[in-house]
Amino acid sequence: MNTTPVWSVDARTGARTAQVTVEASTEGVDDAVRAAHAAHPALADRTRRAAFLRAAADRIEAHGAELIATADAETALGTGRLTGELARTSFQLRAFAAVVDEGAFLDVVIDHADPQAAPAPRPDLRRWKVPVGVVAVFAASNFPFAFSVPGGDTASALAAGCAVVVKAHPDHPATSELAAKALREGAEAVGLPADVVRLVHGRQAGVDLVQHPLVSAAGFTGSIAGGRALYDLAAARPNPIPFHGELGSLNPVVVTEAAAAERAEDIGAGLAGSFTLGMGQFCTKPGLVLVPAGEAGDRLEKALTAGAGDAASGALLDARMRDGFLAGFAARAGLPGVSAPVGAGEDGYAVRPGYLTVPAALLAGADGADGGDDAYGLLLEECFGPVTVVVRYTGAAEVEAVLGRLPGNLTATLHAEPGEPGAAELLARLTPLAGRILFGGWPTGVAVAPAMQHGGPYPATTSTSTSVGGTAIERWLRPVAYQSVPQALLPVELRDGDGADGGVPRRVDGVLER
C-alpha cells in the first residue's frame, strides 16, 4: 500500500497547507480502473448520459464558491480568472449534453442491401460509432477546471459513453478531489453509478493508468517531456491505445511591415497583454513574434516595452515552474545577440514578466538562408511563463527561414492589412504549422464552439484531433459496421421505420436524413 502523502500547497508562498490524500498504489489504480470498467455499461443510455452531464454542471456550480477558493489557493490564478474558467467548464458540460441529445456524433450511415449494385451485389450495411471503453485523463496544471478533472477531456469522454479515471495534477489535489466529488454526485443524481468517474493521485499512478489493460485511450495536457514519455508507453503496450496528448506550443505570430506601419502601438500593447495574461501560463501564449526591422517595428517594440514593464508580477503555479521560467529566461537572454528590453526576474516568491529580442539572421543563419545556428534553437522552444521572443526581420526571406525551423503549434497568427499583397500567401504558409490560424488578434483565449480546433501538428499534439469543441468527442469513439443483422438485434438508431431511429441524423442510401 502506498502511503506517500499528497499535499495541498499555497501557490503564493510554497507552503504546505494540508494533506489531501495519499498517492495511489498500483493496486489502487487497478481498483479504480476496474470500478470504472464495471460502471461503463451504465452510460449506454444516451438520454441518461445527457442528463448526467447537465447534472454534473449543476453540481460544479453548486460547489462553485468552495472550488474557486480552493483552486485560487493552490494555483494563484485569481478568483476572477477562476470564476470565468468555472463558468466555461459548466458550459462545456452542457454543450456536450446537447451533442449527445442531437446524436450526429454517432455518424450513422445505412446502405440497404442491393442485389443489383455494381460492381457486385451489396449486403445490408449499417455503420455507427461506439465508445472505446475506459479513458484515462491527465489533468493540466494551468487549468484546474477546464482542462482537469471536470474539463474537456472528461466531458467529451463521458459524452461518448466512456467511463473516466482521472490522474489529478499535483498542483491542485484538493481542487481535484472537490471536482471529482461534484461529478460523482451528478452521476448519482440521475441514477448512474458514481464510479463512472474515478480519481487517482501520484506520478506512478499515471504510468500505471496508461499501461492498464482495461484502459482503452488516454487524454493528456502537459509538458512535451511528460507527454512524450506517456505516449511512448501507450504505443509500447501489447495492445497499443490512442494517446491524445497536448504537449507544448510556441504559437508564432507574423507582423507584416504594412501592419506595423499602420498599427504599431496597438499591436505592441496587445502583445504585452497577451503574453503576460495569466502570468504567461496559457498553452496559447504567443511565444515567438516576427516583427519588421526599422522605424515601424521600433514603435511596436516601444509599446511592447511599456506594456510589459507595467505588467504586474505574480506567482506561478508551483516552485518548479518558477525556477524553470527564471532559468529559461536567463539561458535565452545569455545567447550572443539576444537582448532583454524588459528583463524577467524574481519579486519575492513571485516573478516579473519580461521579453527578449533577437535579429532574425541569428535564427535563420548568417546569410538568412540556411538552417541557422543550433545554439539559437532554444529560442524556438516554449518557455512556460510570462516571456515572449521578438524576432526582428529585414525581409521575406528571413521570415521564411525562421518559419521553416518551427515545429508544430496549436496556433499561428498573422497581423496584416486587409487586401495587403502577400497576405494570402503568408496565411497559406502558416497553415501547415498550426491547428488554428488567426488573422489579427491574439491566440490566448479558446472559444468553446463547434468549429474550434484546439490541436496541431506534433509536438503541439500527438494526434490530429481537437480537445475543445463538440468534435472532441470523436477521440473516444470507434466505428462499427453491422452486416445483414436482423432489425430486432440492431441498436435502435440503426433500425428502419418511422420513429425507430432514436431521433439522430442518418445518411440512408446516400441521402442525409434528420
Side-chain angles (χ1 to χ4, degrees), residues 88 92 96 105 132 135-143 146-148 151-157 159-160 162 164 166-167 169 206 209-210 215-237 240-253 280-288 380-384 403 405-413 430-438 443-478:
R88 166 190 169 139
Q92 189 166 240
F96 276 113
F105 74 97
V132 297
V135 170
V137 170
F138 289 78
S141 62
N142 55 340
F143 283 89
F147 283 86
S148 291
D153 285 352
T154 297
S156 58
C162 299
V164 170
V166 183
K167 206 287 283 184
H169 196 280
L209 264 182
V210 166
V215 169
S216 298
F220 173 91
T221 302
S223 69
I224 293 177
R228 182 54 194 257
L230 292 171
Y231 174 83
D232 290 345
L233 286 175
R237 288 172 38 140
I241 60 171
F243 184 88
H244 300 284
E246 181 190 321
L247 310 187
S249 185
L250 198 59
N251 303 304
V253 178
Q281 297 174 114
F282 283 89
C283 53
T284 51
K285 178 197 74 178
L288 186 87
L380 304 179
E381 298 176 10
E382 179 185 15
C383 183
F384 194 75
L403 294 179
R405 297 195 64 191
L406 297 185
N409 292 272
L410 293 171
T411 75
T413 302
L430 292 174
T431 296
L433 295 177
R436 177 163 60 108
I437 311 299
L438 293 85
T444 37
V446 181
V448 180
M452 178 51 66
Q453 171 63 27
H454 190 63
Y458 184 86
T461 51
T462 60
S463 66
T464 58
S465 59
T466 179
S467 60
V468 178
T471 53
I473 197 173
E474 295 173 0
R475 297 173 295 169
W476 321 118
L477 299 164
R478 66 179 183 87

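Under the 3.5 Å distance criterion, the side-chain polar atoms of Thr466 are matched with a main-chain donor or acceptor of His454. A donor-acceptor pair under 3.5 Å links the side-chain atoms of Ser249 to the main chain of Leu410, judged by distance alone. Side-chain atoms of Asp153 never come within 3.5 Å of backbone atoms of Gly151 as a donor-acceptor pair (strictly under, hydrogens ignored). Checked by atom type and distance alone, the side chain of Arg436 pairs as donor or acceptor with a backbone atom of Pro443 at under 3.5 Å. Side-chain atoms of Asn251 do not come within 3.5 Å of backbone N or O of Pro286 as any donor-acceptor pair.
Closest approach of Ala472 and Ser467 over heavy atoms only: CB-C, 3.9 Å. Taking both residues in full, the closest heavy atoms of Pro242 and Ser216 are given as CD-O, 3.3 Å, listed atom of the first, atom of the second, then distance. Looking at every heavy atom in both residues, Ala434 comes nearest to Ala412 through CB-N, 3.6 Å. Annotation for Phe96 and Gly470: closest pair CE2-O, 3.7 Å, computed over non-hydrogen atoms. Closest approach of Ser148 and Ala140 over heavy atoms only: OG-O, 2.9 Å. When all heavy atoms of Ala146 and Arg88 are compared, the closest pair comes out as CB-NE, 3.7 Å.
With 3.5 Å as the limit, one finds a donor-acceptor pair spanning the side chains of Ser156 and Arg475. Judged purely by distance below 3.5 Å, without hydrogens or angles, the side chains of Ser463 and Thr461 never pair a donor atom with an acceptor atom.
Ring planes of Trp476 and His244: perpendicular class, angle over 60° (limits at 30 and 60°).
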Please assess Arg228 against Tyr458 for the test side chain to side chain contact (heavy atoms under 4.5 Å, CB included), listing each intermediate value before the final yes or no. CA-CA 10 Å; Arg228 182 54 194 257; Tyr458 184 86; 3.1 Å; yes
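Crowding of Phe243 atom CZ: a count of heavy atoms from other residues, nucleotides or ligands under 6.0 Å exceeding 12.
One distance of note links NE2 of His169 with OG1 of Thr221; it measures 10.0 Å at 0.5 Å rounding. A distance of 11.5 Å separates OG1 in Thr413 from CG in Leu288, rounded to the nearest 0.5 Å. Atoms OG1 and CG, on Thr411 and Leu433 in that order, are 10.5 Å from each other to the nearest 0.5 Å. Separation of atoms CZ (Phe147) and CZ (Phe220) is listed at 13.0 Å; rounding is to 0.5 Å. Of the inter-residue distances, the one linking Asn409 atom CG with Thr284 atom OG1 reads 11.5 Å to the nearest 0.5 angstrom. Rounding to the nearest 0.5 Å gives a distance of 6.0 Å between NZ of Lys285 and SG of Cys383.
By the 4.5 Å heavy-atom criterion applied to side chains, Val132 and Cys162 are counted as neighbours. Counting heavy atoms from C-beta outward, Phe138 and Glu246 have side chains that stay 4.5 Å or more apart. Put simply, the side chain of Phe282 does not reach to within 4.5 Å of the side chain of Val446, judged on heavy atoms. With contacts defined as side-chain heavy-atom distances shorter than 4.5 Å, the pair Ile241/Arg237 qualifies. When side chains are defined from C-beta on, Thr471 does not count as touching Ser465, because their heavy atoms never get closer than 4.5 Å. Contact check for Val210 versus Val215: no side-chain heavy atoms found under the 4.5 Å cut-off. Looking at heavy atoms from C-beta onward, Phe105 lies out of side-chain contact with Glu474 at the 4.5 angstrom threshold.
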